[in-house]
Amino acid sequence: MINGAMTRYLILGSILWLLLANLAIPAVAHSAVTAAPWPVAGVCLQPADPDTSIVLRSLRVEITLVETESVTRARVWGRFTLVNPSRTTTHRVTVGLAPWSAGDRFFQPANVQGLRVTVNDVPVTPIVQARPQVENETWPVWEMTFDVLERQFVEVSYTTPLEDGPVPRVAFALSTGAMWDQQIESAAVVVTAPDSFQREQILDAYPADAVYDGQQLSWYFLALEPTQDVGFSYITGQLWGQITAARALVTADPTVANRLALARIYLTLADRETFFAQAVAQLEQAIQGDAANIEARRLLAQAYEERGLAQNNAAYLELAIRYWGEVRALDPADATVTARLRQNHHALAQTLVMQQAYEPALTHLDAALALPAAGSDISDATLIQVRDEARRAWAAHLFANDQATQAVSVLRALGEPYETDYQAYAPALAGLRGQITTRIQASGGTRRITVAWVPFATDALTGTAALPAMLQAQVPQAQVQLAADGLGIEVGLAFGSVTELREMLQALGQGVPPGADWDPVRAVLTSGSLSYDEQDTLFWWQARYRESVPLREPALAASQRRQNLAALIADLSSQASHVPEDPLVLRLAALQSYAAALDRLLAGRVSNQVTLTGATGALGAAVETRLGEDKVLEAQAHEGNLLVLALVGGSVALMVLLAALLAWRRFGSARTDRRKRERKPSID
């Protein structure tokens, strides 16, 4: 248990340590890993002749890290066992420490200090000379002669600086040993820390099977084909001292200020997931302790921004936008915060476009445009250009996935020429699915017609709820209601003559909504070419219905648009490139989509059905036609008067029966008379 006095000393000592440490490292980058080249601790010995038959049998490299105030150095000692495997031939070979580079790593022998070489424990003096077949490059070398089956030992030691900063990288280029013949039987690389490492100080070790014993980090290999290097990063003692002091301070006194101080240190290691998460945790707790704290939010926004930009990570950029927005809400006068918000919206939009998440990308570009451009490196013109490019990429993606309707709506947002094309060529109908049904019933002296229809395109369903009132206003005596499924209209009309029927249908047609969606219905209702008559005689009832189905006129505009569209497509096809996002290619794709929709429209069929219903029987008729055709529908129904027919039939049957009875009686009387005459005796 720490008593009160000890706690005060710990806090004061920690503050003093943090002040001194911050003076020693006044400006530490948020990311310790940079793109600048960095020196490795060493390389394997190399032969001048890449076709040598000498084998590097084994090696052991020991690297001791030495820290100064600003630089970490590596003291390198290596022992290499070289063997001539030949039983018949001696070899003379030039051996040296060669310059080497791979990616952003390099080794320059000229930079090492205190180079010392021994061969079989005998010191040799390397000679600096030009490197064979490499221009403008020198290296320190020495000669070695191998008898048959001879084994020799080379020891090399030197000191070389590593990269500056609080998190230096340490590596040894094992892959340079591949120039020797055959495999390396055994290899060891051992790194010793200046003070005892804490496991948390060791970062990014590769290969991952390194052995850590509290003081040394080691790699061991058997039968090695040297295709990779070994290395790691580590937190220097100076930075680790800051971390441990700041942690102790937060533990003893978890104020907002102490949490912010610890978070700032963690952010120097923010490219490592563990320390990034610890920094975020401290900043979140600081905000909980002070809801109006701008600094904590600013640090969070910067941390998420840097991580999001470095990784093209949409989630981190969204968090950066969230916290920059909170900073702006607390300090709206800070123009730099607004500029950062625009930058993050722009970066996130580009990341989302790469992920083909076009709709949210456009949302963020619009959000960036809504912010003031003053002080920002990204102009409104740049954002508009990026937005247009995103829309074109989105439209191309939709066209490629057979989503032409949505692609067209995206293109229309770009304005000319897409909007002009849409107005000129896009069909008003998405696709036909219409049906008109007429049913006529006779009841007493009144005839009633019921006309029901569904609209000819899905879009036309919009607003049908208001239709009953509109049609009722045109024909007050009509009974108008929505169909039971809500997808159509049903109208009942009582009429006494065909003239009255035509007048009421004409009035209904005038109440049908304007537009091509309803043109086929309007054409059928208002054609005027409709006849209906009945004959009601003593013995039967007969009804005849005849109607022209005029669908040529509603298709004239679409047919003309289709002809004009075909000519424009043919002209543009000769100019289009093969780039999907090319504005000309997108315009052509939209026009081809309009043409396909018009083709479907003109090929769609409309069905018209009529049913005549009498007292006891019914007969139906139907006709199908497509837009651009006129056809005639005819239906008739016959119904006998059963009562009259029964009376007439019964009378006839009775008369036949009476006639039969009379005939039978007459025939029977004649037979009786004949028999009497036959029995009477003759008087003779």
side-chain contact (heavy atoms from CB on, under 4.5 Å) filter on Ala590, not counting sequence neighbours, yields Phe399, Val408, Leu411, Tyr594

Just to verify, what does Asp599 make a side-chain hydrogen bond (donor to acceptor under 3.5 Å, both in side chains) with, not counting sequence neighbours? Arg562

Would you verify whether the NZ or CZ of Arg297 falls within 45 degrees of the ring axis of Tyr323 while also being under 6.0 Å from that six-membered ring's centre? no

Would Arg199 pass as a cation-pi partner of Tyr212, given that its NZ or CZ must be under 6.0 Å from the six-membered ring centre and within 45 degrees of the axis? yes

Got a sec, which residues hit side-chain contact (heavy atoms from CB on, under 4.5 Å) with Asp213, two or more places apart in sequence or on another chain? Gln215, Gln216

Separation between CD1 (Ile294) and CG (Asp290), nearest 0.5 Å, reads 9.5 Å

Report the residues that fulfil side-chain contact (heavy atoms from CB on, under 4.5 Å) with Glu67, sequence neighbours left out, ordered by chain and then residue number. Thr72, Pro194, Tyr234, Thr236

Quick one: are Phe106 and Asn111 in side-chain contact, heavy atoms under 4.5 Å? yes

Using 4.0 Å as the upper bound for N to carboxylate O, is an ion pair formed by Arg391 and Glu581? no

Can you check side-chain hydrogen bond (donor to acceptor under 3.5 Å, both in side chains) on Tyr266 and Arg247, steps first, answer last? CA-CA 10 Å; Tyr266 283 149; Arg247 285 176 173 175; 2.7 Å; yes

Sorted by chain and number, sequence neighbours left out, ring-ring contact (aromatic ring centres under 6.0 Å, His included) with Phe276 holds for Tyr304, Tyr316

Residues two or more places apart in sequence or in another chain: which of them pass side-chain contact (heavy atoms from CB on, under 4.5 Å) with Ala296? Leu260, Leu283, Ala286, Ile287, Asn293

Considering only heavy atoms from C-beta outward, does the side chain of Glu326 approach that of Ile321 to under 4.5 Å? no

Quick check: do Glu389 and Arg392 have side-chain heavy atoms less than 4.5 Å from each other? yes

